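Positions are given from 1 along the sequence. Computed from a prediction, not measured in an experiment: that's the story for all the values here.
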Amino acid sequence: SINGAELKDTEVFFDKVMPILMEQKNIVFFLDEISNTSLAIQSMLLTLLNVDDNLKSEYTTSDGQKFVIDHTEFTFLCAASSFANVHPDLIDRLRKFTVDSYKEDELAMILQKKLPDMTFEPEALQKLSESLRNNARKAIQRSLDLKVLGVKHFTMKHFNQIKHTLSIYPYGLTRTE
């Protein structure tokens, strides 16, 4: 598993990833946040994922090093929260699965699990969940914010307090958005 932001250029890819793909069998390669990769990386992936009739692909680096990849030996997975920065031709080569966003009641459950010593006024929990904009990461971050409050029972008064302190606007927007 590698984060797309770590792949600054194709040289990093060939230093970090290719040895694994070339040496190991039956591997799953997971590239998280493919939308954070450079155009050079995406262009290289276009070539690597262009499979021939024998389920193989070839890539030659700028220094002449040739790699032959057997696609029967690995599975390539990638994830992105948005495909806006992913080359359209690369998207065409991938099988796309869309995962539904978290619902407000699921986010409320995340908050409650992360804060087992805190109870919630129903309206305050609902408003808090609505402010998370279907984002589980924000639910975890917000639970850390709530721990700082040190309250045992979270009410609308507390919600309004953190809404002001954290600059949470309608629809969960922040000042910078």
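- Between atom CD1 of residue Ile91 and atom OG of residue Ser35 there is a gap of 9.5 Å, rounded to the nearest 0.5 Å.
- Looking at heavy atoms from C-beta onward, Ser57 lies in side-chain contact with Ile69 at the 4.5 angstrom threshold.
- In summary, the aromatic rings of Phe67 and Tyr59 are positioned with their centroids too far apart to meet the 6.0 Å limit.
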Going by atom type alone, with no hydrogens or angles, which donor-acceptor pairs under 3.5 Å involve a side-chain atom of residues 105-117 and a protein atom two or more places apart or on another chain?
| unit_1 | atom_1 | unit_2 | atom_2 | d |
| --- | --- | --- | --- | --- |
| Glu106 | OE1 | Lys103 | N | 2.7 |

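- Pairing each heavy atom of Phe159 with each of Ser131, the nearest pair is CE1-OG, 4.3 Å.
- Linking ILVMFWY side-chain heavy atoms closer than 4.5 Å, directly or via other members, places Leu48 and Val51 in two distinct hydrophobic clusters.
- Residues satisfying the side chain to side chain donor-acceptor pair (under 3.5 Å) criterion with Thr61, sequence neighbours excluded, are Asp63.
- In the hydrophobic cluster analysis, where Ile, Leu, Val, Met, Phe, Trp and Tyr join through side-chain heavy atoms closer than 4.5 angstrom, Leu132 is grouped together with Leu166.
- The hydrophobic cluster containing Leu55 does not contain Leu94, counting ILVMFWY residues as joined when their side-chain heavy atoms lie under 4.5 angstrom apart, directly or transitively.
- Put simply, the side chain of Gln42 gets close to the backbone of Thr37: a donor and an acceptor are under 3.5 Å apart.
- Between the side chains of Thr155 and Glu121, no donor N or O sits under 3.5 Å from an acceptor N or O.
- Note that the NZ atom of Lys163 and the CG atom of Leu128 stand 11.5 Å from one another [nearest 0.5 Å].
- Looking at heavy atoms from C-beta onward, Ile168 lies in side-chain contact with Arg142 at the 4.5 angstrom threshold.
- Listed here is the closest heavy atom pair of Cys78 and Phe30: C-CE1, 4.3 Å.
- Contact record, Met44 with Thr10: CB-CG2, 3.9 Å, taken as the closest heavy-atom pair.
- In this structure, the side chain of Asn54 does not engage the main chain of Lys56 through any donor-acceptor pair within 3.5 Å.
- Between Phe120 and His153, the closest heavy-atom pair is C-CE1, 3.7 Å.
- No side-chain heavy atom of Leu31 sits less than 4.5 Å from a side-chain heavy atom of Phe13.
- Put simply, the side chain of Arg93 gets close to the backbone of Leu46: a donor and an acceptor are under 3.5 Å apart.
- Between the CG atom of Asn36 and the CD1 atom of Ile41 there is a distance of 12.0 Å, given to the nearest 0.5 Å.
- Glu11 pairs by the side chain to side chain donor-acceptor pair (under 3.5 Å) definition with nothing, not counting sequence neighbours.
- Taking the side chain as every heavy atom from C-beta outward, Thr47 and Ser43 never approach each other to under 4.5 Å.
- A heavy-atom distance below 4.5 Å is not found between the side chains of Thr165 and Asp145.
- The CD atom of Glu58 lies 3.5 Å from the NZ atom of Lys66; values are rounded to the nearest 0.5 Å.
- By the 30° and 60° cut-offs, the orientation of the rings of Phe76 relative to Phe29 is parallel.
- Between Asn26 and Glu73, the closest side-chain pair of non-hydrogen atoms falls below 4.5 Å.
- Using the six-membered ring where Trp is involved, His71 and Phe74 have ring planes that are tilted, between 30° and 60° apart.
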